[in-house]
Amino acid sequence: MSVAFLFPGQGSQQVNMLKRLPDHWLVDKTLDEASEVLNESAISLDSETNLQSTVAVQICLLIAGVSSARVLAANGAKPDLVAGHSVGAFGAAVIAGVLDFQDAVSVVKQRGEWMEQSYPEGYGMGVVLGLPEQILGEILAEHLSQGEDVYYANLNSKDQITISGTIEGIKKVLDKAKEAGARKTELLNVNVPSHCPLLDTVSEKLTFALKNIQFRNPEIPFAGNRTARALRDPEAIKEDLAQSVSHSVKWHQATSLFYELGARLFVELPPGRVLTDLSCHAFPSARSVSVDDSGFHTAQVLINRVKQPY
């Protein structure tokens, strides 16, 4: 049996998420490393005001995920597989040994800035639950044919799909989805149209920015967002990190692959439990835990129990 660490993406952020991290020297070290790159105190980024910025949100998520994984690893609780949803993929790459944390901070800051600058207002994301992908696809195709920018974004589960585009267009699609039988539809707390062709230019900039950053062979398999494959080649991981911002995240396929590879404990790093809920629903025979909910000690015990030889 294997342990998969899951790193959440934008939408999971919480006010004071960094201040709620454990009182541990590795958390302090991670915050100091981030502050050095940012040339400002990272601990202040998680205020309600700062989290209105995509840049602050993405940096906070990176810090929270990496520092939490480092604390668990210091107590022998290490993953066998890693996956990150959207910006969470950068934290996963750091813990897989592919990317230095400070390089990740620098790139994630640029990523957030480019995303924010591309569409400063009037764009975002929405979620549809309980509607088959084919029916939602037909609704999206209808609106695209009418010149409205609304696209698939994240294929999170068999019955949870997010869409990106103009707020006006998203609202129309959500209304149509509800009429077509969707169980639930809502706008998300995300102010950029992530994971769709509207961000092609951001992918181009990321590709150029990542060219001169050293990527190493992963110590453990890393799940690609765009490919939903277990990537072991550093150049393939580099490409996935650059391109995923403008392509759909195939989250359900990626975690299903990990299940097929033997993952029976899915551990979601802080903040929140969005990915835990998805794993619980998709893999009822596996165990899925949120570190935020269970606490670091319980997560550590569960991870080490899975890894004990029989």
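Each residue takes its place number in the sequence, starting with 1. Everything numeric in this text was worked out from a predicted model, so none of it was measured.
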Checklist line | Contact check, side chains of M115 and V245, non-hydrogen atoms, under 4.5 Å | finding: yes
Is V249 linked to L6 within one hydrophobic cluster, defined over Ile, Leu, Val, Met, Phe, Trp and Tyr using a side-chain heavy-atom separation of less than 4.5 Å? yes
Rounding to 0.5 Å, atoms CD (Q58) and OG (S194) come to a distance of 7.0 Å
Q. Are D100 and R216 close enough for a salt bridge, meaning some N to O gap below 4.0 Å?
A. yes
Do K158 and H252 have side-chain heavy atoms sitting under 4.5 Å apart? yes
Before accepting this row, confirm whether a basic side-chain N of the pair K211/E235 lies closer than 4.0 Å to the acidic partner's carboxylate O. no
### Query
Is the shortest heavy-atom distance from the side chain of Q214 to the side chain of L99 under 4.5 Å?
no
- prompt: Hey, is the main chain of D46 close enough, under 3.5 Å, to the side chain of N50 for a donor-acceptor pair?
  reply: no
Open item on the list: For a side-chain hydrogen bond (donor to acceptor under 3.5 Å, both in side chains) check, start with the C-alpha distance between D159 and S157, then their side-chain angles and the critical distance, and finish with the verdict.
Closed with: CA-CA 5 Å; D159 69 348; S157 72; 3.1 Å; yes
From CA spacing to verdict: side chain to side chain contact (heavy atoms under 4.5 Å, CB included), F258, V3:
CA-CA 9 Å; F258 276 3; V3 177; over 6 Å; no
Self-check item: Common cluster, V150/L199, ILVMFWY with side-chain heavy-atom separation under 4.5 Å
Solution: no
| task | Following the transitive rule for hydrophobic clusters with a side-chain heavy-atom cut-off under 4.5 Å over Ile, Leu, Val, Met, Phe, Trp and Tyr, establish whether F283 and L261 coincide in one cluster. | result | yes
So, S279 side chain and T276 main chain: donor-acceptor pair closer than 3.5 Å or not? no
Of all heavy-atom pairs linking L45 and L51, the shortest is O-CD2, 3.7 Å
Walk me through whether Y123 and V192 qualify under side chain to side chain contact (heavy atoms under 4.5 Å, CB included).
CA-CA 6 Å; Y123 289 79; V192 290; over 6 Å; no
Next on the checklist: Taking the side chain as everything from C-beta on, heavy atoms only, tell me whether L129 gets closer than 4.5 Å to V127.
Outcome noted: yes
Exercise: do N156 and T162 side chains pair donor with acceptor under 3.5 Å
no
Looking only at heavy atoms, the pair that brings A93 and L241 closest together is CB-CD1, 4.4 Å
Q) Taking Q13 for the side chain and G11 for the main chain, is one N or O donor matched with an acceptor at less than 3.5 Å? A) yes
### Message
With a 3.5 Å distance limit and no angle check, can you tell me whether Y119 reaches the backbone of G165 through a side-chain donor-acceptor pair?
### Response
no
**Asked** Take atom CD in E138; do more than 12 heavy atoms of anything else shown fall under 6.0 Å from it?
**Response** yes
Taken to the nearest 0.5 Å, the spacing of I220 CD1 from K78 NZ works out to 10.0 Å
*Any W251 side-chain heavy atom under 4.5 Å of L278 side chain*: yes
In this structure, CG of D103 is separated from CG of L210 (nearest 0.5 Å) by 9.5 Å
| query | Is atom CZ of R70 surrounded by more than 12 heavy atoms (other residues, nucleotides or ligands) closer than 6.0 Å? | reply | yes
Open item on the list: Test side-chain hydrogen bond (donor to acceptor under 3.5 Å, both in side chains) on R264 and S2; report intermediate values, then the result.
Closed with: CA-CA 6 Å; R264 291 299 179 269; S2 300; over 6 Å; no
Discussion item. Between F7 and V82, does the side chain to side chain contact (heavy atoms under 4.5 Å, CB included) criterion hold? Intermediate values first, please.
Written reply: CA-CA 8 Å; F7 295 76; V82 291; 4.3 Å; yes
With R229 as the cation and F222 as the aromatic partner, state whether NZ or CZ is under 6.0 Å from the six-membered ring centre and within 45° of the axis. no
(Q) S86 vs H195, test: side-chain hydrogen bond (donor to acceptor under 3.5 Å, both in side chains). Steps then yes/no. (A) CA-CA 8 Å; S86 189; H195 306 295; 2.7 Å; yes
Report the C-alpha separation of M1 and L265 in whole Å, then their side-chain angles, then the decisive distance to 0.1 Å, and conclude whether the side chain to side chain contact (heavy atoms under 4.5 Å, CB included) test is met. CA-CA 8 Å; M1 292 194 296; L265 177 61; over 6 Å; no
Here the gap from K250 atom NZ to S256 atom OG, rounded to the nearest 0.5 Å, amounts to 13.0 Å
Q | Heavy-atom check, side chain of E48 versus side chain of V15, under 4.5 Å | A | yes
Any chain of hydrophobic side-chain contacts (each under 4.5 Å) joining F90 to L18? yes
> Donor-acceptor pair, D240 side chain versus G224 backbone, under 3.5 Å?
Replying inline: no
Heavy-atom closest pair (N191 atom, Q10 atom, distance to 0.1 Å) is OD1-NE2, 4.3 Å
Between the CG atom in L269 and the CG atom in L61, the distance rounded to the nearest 0.5 Å is 11.0 Å
- request: Would you mind checking if K176 and E179 are paired as a salt bridge, meaning a charged N to carboxylate O distance below 4.0 Å?
  value: no
| Worked verdict on Y259 versus S285 for side-chain hydrogen bond (donor to acceptor under 3.5 Å, both in side chains) | CA-CA 10 Å; Y259 184 82; S285 62; 2.5 Å; yes
In this structure, NZ of K171 is separated from OG1 of T185 (nearest 0.5 Å) by 12.0 Å
Quiz item: Hey, is NZ on K109 packed in by over 12 heavy atoms from elsewhere, all under 6.0 Å?
Solution: no
In terms of hydrophobic clusters joined by side-chain contacts under 4.5 Å, are L275 and F296 together?
no
Review point. Below 4.0 angstrom, N of the basic side chain to O of the carboxylate: do E186 and K184 qualify?
Key: yes
Counting C-beta onward and ignoring hydrogens, is there a side-chain heavy-atom pair between E133 and L155 closer than 4.5 Å?
yes
Can any side-chain N or O of T298 pair as donor or acceptor with the backbone N or O of G295 at less than 3.5 Å? no
Q.
For A236, is there any backbone N or O sitting under 3.5 Å from a side-chain donor or acceptor partner on D233?
A. yes
Closest non-hydrogen contact found for L81 with A263 is CD1-CB, 3.9 Å
Quick check: do T54 and R111 have side-chain heavy atoms less than 4.5 Å from each other?
no
Inset, instruction - Say whether, by atom type as modelled, one donor and one acceptor occur between the side chain of S246 and the main chain of P197 under 3.5 angstrom. - result: no
Closest heavy-atom pair, P221 versus D80, reported as atoms and distance to 0.1 Å, is CD-O, 3.4 Å
Margin query: Checking the side chain of H247 only, and the main-chain atoms of Q243 only, is there a donor and an acceptor separated by less than 3.5 Å?
Written below: yes
On a heavy-atom basis, the closest approach of R273 and S290 is CB-CB, 3.7 Å
Can a donor-acceptor pair be found, under 3.5 Å and without considering hydrogens, that links the side chain of Y151 to the backbone of S248? no
Notebook entry, point to check: Does atom CD of Q146 have more than 12 heavy-atom neighbours from other groups under 6.0 Å away?
Noted result: yes
